Amino acid sequence: MSWFDRNRGDEPADEAWARLGSVVEQAHIAPAIHAASGLSGLRRYVLRFQLRGVRVRVTGVESEPLPKGGGPPEPGAFAANVGAVEAALGVLARRFPRPFTFERGAIGVVRGGDPEIGLSFRFDEDADAFTLAELDHPAGEPNPTEDPRYAKALSAWESRIAPVRARWLVPGREDTWTLDGVRLTITGPAGNRVLGADPIARFWPKGNRFEWLVETPVGEEPPFVEPILTVTMGGAMELAVFAAVRMKRVGVFQAEMADERGEILFAALRE
């Protein structure tokens, strides 16, 4: 007998499902898991959790890379948002309608390119038997930065990326700067500094929007041929330094533009 049938007793199945579904919606679990999965990209994984006293703790994630890229949640996003997932599951545990109770559970997560998210819940003995193989493969296109070709190229170029990353230049608080063609001028208390530089991209942290400024793509991998991308700040910095290396430059300049939108400029240093 399944966990659901064991707990519902004589209650009609459709009525029991409706009661459970209402509590799941009230707990706002889907938005929390969506945030923990990352900004965008295909996702397919099983999240396991356990009730410990009055709190719920996430105990593990089971996944595997998808052929087109994605699969597991993005590590940074998951670390930043797992607490919100646990809080939402705690609300679920406290509000579960009697006689439904659980000690442990699993959620199957499938997110396509929409990016709508689908969740499949299992509890106790049903959770123990739940596996990744039971989940459908997500439809849609992956985030270009998760494409296997990009990951392979990033790994292959890492030894050349490291020294360029080490020459990351950010103007000081009292500095002003201008980029005129390929001429970067930084003016501050120490005087003027003029460097050769080429624009790489603009990035808007508030909307996670990354837009290339190079005249031609610096590589054949998907992120380099897409004119606009959705990435985190960390992803934007990774793309900028990889582009600088492909452009055979020696460093990266990063600075906020003089506007109210928080726009950031990345440029490749020639010297």
Side-chain angles (χ1 to χ4, degrees), residues 1-66 70-140 142-143 146:
M1 180 180 293
S2 70
W3 171 89
F4 174 72
D5 288 331
R6 175 169 56 82
N7 278 275
R8 75 180 176 90
D10 296 331
E11 182 180 12
D14 56 347
E15 294 181 11
W17 279 122
R19 288 203 298 145
L20 293 175
S22 176
V23 174
V24 168
E25 185 173 350
Q26 293 170 17
H28 302 293
I29 296 173
I33 291 182
H34 179 74
S37 296
L39 284 175
S40 62
L42 306 181
R43 298 290 179 262
R44 179 176 179 262
Y45 63 93
V46 175
L47 182 148
R48 298 193 181 277
F49 57 92
Q50 188 173 34
L51 183 63
R52 296 176 179 174
V54 296
R55 306 185 71 175
V56 175
R57 293 300 187 197
V58 169
T59 57
V61 171
E62 298 166 13
S63 186
E64 59 187 22
L66 295 169
E74 194 279 316
F78 191 81
N81 293 283
V82 67
V85 173
E86 291 177 337
L89 290 171
V91 173
L92 179 73
R94 292 190 297 273
R95 296 185 180 179
F96 241 31
R98 298 300 177 188
F100 290 95
T101 60
F102 68 86
E103 294 181 353
R104 59 197 180 280
I107 303 175
V109 181
V110 177
R111 188 176 76 182
D114 333 73
E116 289 189 10
I117 197 163
L119 305 180
S120 303
F121 290 81
R122 302 288 189 278
F123 299 97
D124 291 344
E125 64 268 32
D126 293 352
D128 297 339
F130 192 44
T131 66
L132 185 66
E134 296 181 50
L135 298 179
D136 293 333
H137 281 259
N143 186 319
E146 294 182 341

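Note that the structure is predicted; figures quoted are calculated from it, not measured. We number each residue from 1, following the sequence as shown.
The two residues Gly71 and Ser63 come nearest to each other via the heavy atoms C-OG, 3.3 Å. Contact detail for Asn7 and Thr101: the closest heavy-atom pair is OD1-N, 3.6 Å. Nearest heavy atom pair, residue Ala88 against residue Ala27, reads CB-O, 3.4 Å. Across all their heavy atoms, Leu132 and Glu64 have their closest contact at CD2-CG, 3.7 Å. Annotation for Leu42 and Gly140: closest pair CD1-O, 3.8 Å, computed over non-hydrogen atoms. Nearest heavy-atom pair across Ala106 and Ala127 is N-CB, 3.7 Å.
Between the CD atom of Glu103 and the CD atom of Glu125 there is a distance of 10.0 Å, given to the nearest 0.5 Å. Taking CD of Glu116 as the reference point, atom NE2 of His34 lies at 10.5 Å (rounded to 0.5 Å). With rounding to the nearest 0.5 angstrom, the CZ atom of Phe121 is 6.5 Å from the CG atom of Leu92. Once rounded to the nearest 0.5 Å, the distance linking OG1 of Thr59 with CG of Leu47 reads 7.5 Å. For the atom pair Arg43 CZ and Leu66 CG, the distance stands at 8.5 Å (nearest 0.5 Å). If you take CZ on Arg57 and CG on Leu89, they are separated by 11.5 Å, rounding to the nearest 0.5 Å.
For the pair Ile107/Phe49, a side-chain contact is recorded, criterion being any heavy-atom separation below 4.5 Å from C-beta on. Looking at heavy atoms from C-beta onward, Arg104 lies in side-chain contact with Asp128 at the 4.5 angstrom threshold. Side-chain contact between Leu119 and Val109 is present, with heavy atoms from C-beta onward closer than 4.5 Å. Taking the side chain as every heavy atom from C-beta outward, Ser37 and Tyr45 approach each other to under 4.5 Å. Here the side chains of Val23 and Pro97 are in contact, with some heavy-atom distance below 4.5 Å.
Salt bridge status for Glu62 with Arg48: present, with a side-chain N to carboxylate O gap under 4.0 Å.
At distances below 3.5 Å, not a single donor-acceptor pair connects side-chain atoms of Glu86 with backbone N or O atoms of Gly83. Distance alone, capped at 3.5 Å, places no donor-acceptor pair between the Arg122 side chain and the Trp3 backbone. Trp17 places no side-chain N or O within 3.5 Å of a backbone atom of Pro12 that could act as its donor or acceptor partner. The backbone N or O of Ser40 sits less than 3.5 Å from a side-chain atom of Arg111, completing a donor-acceptor pair. Here the side chain of Ser22 pairs no donor or acceptor atom with the backbone of Ala18 at under 3.5 angstrom.
Between Phe100 and Phe4, the ring-plane angle classifies as parallel under the 30° and 60° cut-offs.
Heavy atoms of other residues, nucleotides or ligands lying less than 6.0 angstrom from CG of Asp136 number 12 at most.
The distance between the ring centers of Phe123 and Phe96 falls below 6.0 angstrom.
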* Under the side chain to side chain contact (heavy atoms under 4.5 Å, CB included) criterion, do Asp124 and Arg6 qualify, and how do the steps go? -> CA-CA 11 Å; Asp124 291 344; Arg6 175 169 56 82; 4.2 Å; yes
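Side-chain atoms of Asp126 and Ser2 include no donor-acceptor pair closer than 3.5 Å.
Qualifying salt bridge (Lys or Arg N to Asp or Glu O under 4.0 Å) partners for Glu15, counting only residues two or more places apart in sequence or in other chains: none.
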